[in-house]
Amino acid sequence: MMKIKTPRNGRVRRELEKRAPKLVETGKKTLILQGTKTSGTLNGVLSEIYHLKKGGAVRFTRKNDNIRPFESGGETSLEFFSLKTDCSIFVYGSHSKKRPNNLVIGRMYDHHVYDLVEVGVENFKSIESFTYDKKMAPRVGSKPFIAFVGEGFENVDELKHLKEVLLDLLRGEVVENINLAGLDRAYVCTAISSNKVYLTHCAIRLKKSGTVVPRMELVEVGPSMDLVVRRHRLPNEGLRKEAMRTAKDQPKKKIKNVSSDAIEGTIGKIYIPDQKVGDVALPNKAKGVKRERREAKKKEANERASKKQKEESE
Amino acid sequence: METETESQKPFQVDVGNLLAFNPFHNFPSLPTSRDELVKECLQEGTKLVQAVADSLFNLPSTEDVDGPLVKLPPPTTKLPREKHLPKPKPPTKWEEFAKKKGIQKRKKDKVVWDEQTGTWKRRFGYDRVNDDKDIPIIEAKMTDEPGVDPFAKRQDDKKKRVEKQEKNRLQNLKQAAKIGALPSHVQLAATALPITGTQAPPKKVTKDELGNVAGMAATSTASGGKFDRKLPGEKPAKKQGKHRRFLPVVEGSGIGSREKEQTENVLNKLISKHSHEILNVNKAVTMYNVKKEKRGRNRRNEEGKSSSATNKLKPKKQLQKKTGKKGPGSSKKGTAK
């Protein structure tokens with residue numbers, strides 16, 4: 001026996017529709033959580049990532065000892081959280097003697113683990129330790145510039161994977177229109193060696209230059225850290241193919257009241273509402289235009305002029 | 001990926017993502033101090049951001065209240081989706097039938113002209129056109145049975161139609177769910193089985209109980225649940241291996257020989273030395289009583305079915321039979337069968 005359950009509330013229905021799979025996807029939400037033990041630096045890293053992604057991130061603060069991303073049985077909790085919070089990227093921090101300051105960044109496809117990258121954090125500098133002019137601080141939720149420097153990102157497999165995952169994580173919402181005045185942040189990732197990446201967050205200062213394009217100046221504001229790639233897991237071929245599938249170009253949205261003809265080209269229909277004859281203002285009703293008024297005014301002016309003359313003459 | 005030639009160093013710029021990649025830079029020797037490293041990274045970063053901004057600011061822009069608005073081109077780097085592509089809804093049974101027959105959809109108006117009152121009334125809802133409660137008189141037809149309320153019959157018919165429609169809707173949704181195209185706001189939930197007769201509704205099992213049952217099932221296998229395939233994330237059973245109890249190797253004096261006791265019990269059961277202890281008297285008595293009650297109940301049922309109309313005429317006979325049965329039964333309680 002099956003029962004059909006539909007939401008009785010408009011709000012709930014809208015929420016469900018937001019979570020439904022779409023043809024063209026906007027940004028992914030991030031889930032930030034921690035494992036059995038975390039260190040001070042790791043706590044700082046996790047909270048700063050949460051601040052950077054304030055609009056689209058969920059932070060869990062309790063410890064989760066049954067999550068082990070790289071083991072086959074330890075992902076069920078992660079998938080459950082991803083399903084409940086509708087998050088497709090997760091950042092899992094844990095600290096142990098073997099892997100100090102460990103960060104596992106993973107992505108989900110259909111709320112199942114798609115791929116994972118494990119990095120260690122070194123030389124972490126938090127936002128508070130940077131001194132800069134506070135007026136230039138980037139606003140929350142602005143779309144960032146992302147810059148990758150280094151041949152390591154092209155040659156080394158793990159760094160290539162890390163590059164893709166970092167792009168997904170730092171990207172923010174996918175938008176069609178962007179306001180040029182609101183571009184104020186940039187992430188710079190440099191491959192220092194074959195397994196180390198220096199990631200930093202900078203504010204952008206625009207300086208006048210001769211042309212339309214202003215000159216960019218980067219000032220370090222945000223957290224900066226060294227990421228050491230430890231392990232990674234690529235997705236299976238089949239899963240990867242399915243996830244990379246895009247819909248063919250959507251059929252153009254039908255514009256109402258526009259049709260096209262082979263002979264005449266584009267034809268549009270314009271609907272004019274019925275004219276309400278009784279309510280239209282009569283053109284002759286304007287005050288200053290009435291002949292009588294005009295003549296009356298002239299007479300008055302003449303009378304006054306004649307009065308003055310009389311007085312003067314007297 | 002666009003390539004821009006800029007002083008012999010082509011960058012890969014993806015304007016849609018505001019991304020720039022310089023694949024040709026490398027550190028021939030790591031700078032000694034951290035500050036040097038940071039400075040060089042920022043320099044390279046600035047170059048890349050400048051490259052993106054060049055193409056960005058040259059896009060056609062429209063003036064907005066807050067500033068110039070540009071329309072970004074679609075991103076060129078392909079990233080994996082987060083959810084599967086939405087599948088189109090399969091046509092319902094009615095839609096297929098309509099397509100086959102060529103029936104077109106007609107747009108219905110919200111208000112309909114009501115002849116009876118001479119006004120425009122809603123098609124459905126409060127104060128609607130053909131409401132069942134507005135009918136004052138229903139003329140009797142030759143095919144009508146006497147004793148059937150036509151108004152109630154109309155209501156029943158409507159109920160049946162509504163139920164049939166619900167059933168069809170459920171079938172359509174099940175079909176859509178089978179291919180994975182269920183609409184996002186609908187969920188199909190499996191309800192519990194209907195309660196039949198005197199069966200109690202199935203109790204909800206708690207997490208601990210499930211764990212215990214799984215453990216018991218494991219130990220009941222020949223190898224004690226050691227090689228059973230486990231679901232991902234399942235913890236090993238609490239009491240592993242078979243339940244075995246071994247006698248202590250060294251027995252203290254004064255306890256008596258436990259081994260002797262064990263073998264004695266086994267032998268007694270086999271040879272049945274004390275036969276009077278074998279019969280469980282209480283069990284035998286209850287079995288006999290239950291059998292008797294069943295027999296009495298069956299006979300009463302048979303009588304009830306045959307003489308429903310004449311029940312009123314024969315009450316006394318049943319009473320007599322009841323007492324009659326109990327008399328000899330009570331005297332038989334002490335003996336075994």
Side-chain angles (χ1 to χ4, degrees), chain A residues 1-7 13 16-17 19-23 25 28 72-74 76 88 107-110 114 143-151 153-154 164 167-168 171 174-182 186 188 190 192 198 200 202 204 212-213 216-218 220 240 243-245 247, chain B residues 16-27 30 34 37-38 40-42 44-46 48-50 52-54 56-58 61 64 66-72 75 77-86 166 169-170 173-174 184-194 232-234:
Chain A
M1 283 245 292
M2 293 263 208
K3 200 166 65 160
I4 304 171
K5 278 165 70 171
T6 46
R13 183 174 302 148
L16 282 177
E17 277 179 16
R19 295 191 177 195
K22 299 182 203 82
L23 218 50
E25 287 187 340
K28 304 183 182 177
S72 65
T76 42
S88 297
R107 293 185 288 184
M108 301 272 193
Y109 177 71
D110 252 355
Y114 175 75
K143 196 152 165 71
F145 283 100
I146 311 182
F148 286 98
V149 180
E151 57 182 11
F153 284 120
E154 183 97 354
E164 200 185 319
L167 175 63
D168 225 344
R171 189 158 63 139
V174 179
V175 285
E176 272 205 7
N177 300 321
I178 190 167
N179 189 353
L180 294 177
V188 179
T190 338
I192 307 176
Y198 174 68
T200 177
C202 314
I204 295 182
V212 182
V213 186
M216 301 270 163
E217 199 183 291
L218 297 181
E220 264 200 295
R240 203 183 81 86
M244 291 294 210
R245 259 204 300 184
Chain B
N17 272 329
L18 298 184
L19 168 74
F21 176 36
N22 177 5
F24 295 102
H25 177 84
N26 65 340
F27 285 95
L30 269 177
R34 181 103 185 143
L37 179 70
V38 171
E40 195 169 340
C41 293
L42 279 187
E44 294 293 322
T46 324
L48 284 171
V49 174
Q50 193 68 54
V52 181
D54 279 342
L56 191 64
F57 280 82
N58 286 328
S61 72
D64 202 37
D66 311 311
L69 212 67
V70 284
K71 187 166 178 330
L72 282 178
T77 17
K78 277 182 72 174
L79 289 165
R81 287 178 63 94
E82 60 169 330
K83 292 187 184 129
H84 59 269
L85 280 166
E166 268 302 308
R169 178 167 166 241
L170 183 63
L173 285 174
K174 272 200 208 164
S184 59
H185 57 272
V186 176
Q187 276 176 308
L188 286 178
T191 53
L193 294 165
E234 197 184 323

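In what follows, chains are A, B, ... by sequence order, proteins preceding strands, each numbered from 1. Treat the numbers as computed from the prediction; the structure is a model and nothing was measured.
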S.K.: If you count heavy-atom pairs within less than 4.5 Å of chain B, which of A:Ala243, A:Pro144, A:Pro7 leads?
M.R.: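 Counting heavy-atom pairs under 4.5 Å, the top option is A:Ala243.
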S.K.: Which residue out of A:Thr190, A:Val175, A:Asn179 racks up the most heavy-atom pairs below 4.5 Å with chain B?
M.R.: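 Ranked by contacts with chain B, first place is A:Asn179.
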S.K.: Based on non-hydrogen pairs under 4.5 Å, which of B:Pro86, B:Gly16, B:Ser61 is most in contact with chain A?
M.R.: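 So the answer, after comparing B:Pro86, B:Gly16, B:Ser61, is B:Pro86.
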S.K.: In terms of heavy-atom proximity below 4.5 Å to chain B, should A:Met108 be classed as side chain, backbone, both, or neither?
M.R.: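 For A:Met108, the backbone is the part near chain B, not the side chain.
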S.K.: A:Phe148 and side-chain contact (heavy atoms from CB on, under 4.5 Å): which single residue from B:Leu19, B:Leu48, B:Asn22 fits?
M.R.: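 In the set B:Leu19, B:Leu48, B:Asn22, the residue that makes a side-chain contact (heavy atoms from CB on, under 4.5 Å) with A:Phe148 is B:Leu19.
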S.K.: Checking heavy atoms, do the side chain of B:Leu72, its backbone, both or neither come under 4.5 Å from chain A?
M.R.: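 Contact with chain A: backbone and side chain both.
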S.K.: Is the backbone N or O of A:Thr200 less than 3.5 Å from a side-chain atom of A:Glu220, with the two atoms forming a donor-acceptor pair by type?
M.R.: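 It does not hold such a pair.
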S.K.: If we ignore hydrogens and angles and just use 3.5 Å, is the side chain of B:Arg81 paired with the main-chain N or O of A:Leu23 as donor and acceptor?
M.R.: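 Yes, B:Arg81 side chain to A:Leu23 backbone: donor-acceptor pair under 3.5 Å.
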S.K.: Can you list the residues that meet the side chain to side chain donor-acceptor pair (under 3.5 Å) rule with A:Glu217, with sequence neighbours excluded?
M.R.: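 Partners of A:Glu217 under the side chain to side chain donor-acceptor pair (under 3.5 Å) test: A:Arg205, A:Lys207.
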S.K.: What part of A:Arg245 lies closer than 4.5 angstrom to a heavy atom of chain B: side chain, backbone, both or neither?
M.R.: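 Both parts, backbone and side chain.
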S.K.: Would you mind checking which part of A:Val188 comes under 4.5 Å of any heavy atom in chain B, side chain (CB onward), backbone (N, CA, C, O), both or neither?
M.R.: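 Just the side chain, heavy atoms under 4.5 Å.
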S.K.: Using a cut-off of under 4.5 Å on heavy-atom pairs, state which of A:Val174, A:Leu180, A:Leu167, A:Thr6 scores highest against chain B.
M.R.: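 Counting heavy-atom pairs under 4.5 Å, the top option is A:Leu180.
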S.K.: With respect to chain B, which residue among A:Ala181, A:Cys202, A:Gly150, A:Ala186 yields the maximal number of heavy-atom pairs within a distance under 4.5 Å?
M.R.: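 Greatest number of close heavy-atom pairs with chain B: A:Gly150.
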S.K.: Under the 3.5 angstrom rule, does the side chain of B:Gln50 hit a backbone N or O of A:Met216 as a donor-acceptor pair?
M.R.: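 Yes, the answer is positive, given that a donor and an acceptor are paired below the 3.5 Å cut-off.
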S.K.: Specify the closest pair of heavy atoms between A:Ile4 and B:Glu166, including all atoms of both residues, with the distance to one decimal.
M.R.: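 Heavy atoms of A:Ile4 and B:Glu166 come nearest at CD1-OE1, 4.2 Å.
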S.K.: Heavy-atom pairs under 4.5 Å with chain A: which of B:Gly67, B:Pro80, B:Gly45 has the most?
M.R.: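 Most heavy-atom pairs within the cutoff with chain A belong to B:Pro80.
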S.K.: Give me the ring orientation class for B:Phe21 and A:Phe153: parallel if the planes are under 30° apart, tilted from 30 to 60°, perpendicular past 60°.
M.R.: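 The arrangement is perpendicular - the two ring planes meet at more than 60°.
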S.K.: Going by side chain to side chain donor-acceptor pair (under 3.5 Å), name the residues that satisfy it together with B:Lys83, two or more places apart in sequence or in a different chain.
M.R.: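 Only A:Asp86 meet the side chain to side chain donor-acceptor pair (under 3.5 Å) criterion with B:Lys83.
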S.K.: Between A:Gly182, A:Ala20, A:Pro21, which shows the greatest number of heavy-atom pairs under 4.5 Å with chain B?
M.R.: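 Among A:Gly182, A:Ala20, A:Pro21, the one with the most close pairs to chain B is A:Pro21.
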S.K.: Is the closest side-chain heavy-atom distance between A:Tyr198 and B:Glu40 below 4.5 Å?
M.R.: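 They are not in contact (no side-chain heavy atoms under 4.5 Å apart), so the answer is no.
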S.K.: Does any backbone or side-chain atom of B:Leu173 lie under 4.5 Å from a heavy atom of chain A? Answer side chain, backbone, both or neither.
M.R.: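 Looking at B:Leu173, just its side chain touches chain A.
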S.K.: Find the one option among A:Arg240, A:Arg13, A:Lys22 whose heavy-atom pairs under 4.5 Å with chain B are most numerous.
M.R.: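 Maximum pair count with chain B is reached by A:Lys22.
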S.K.: Relative to chain A, which of B:Val186, B:Leu56, B:Leu188, B:Val70 shows the most heavy atom pairs under 4.5 Å?
M.R.: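 Answer, by heavy-atom pair count under 4.5 Å with chain A: B:Val70.
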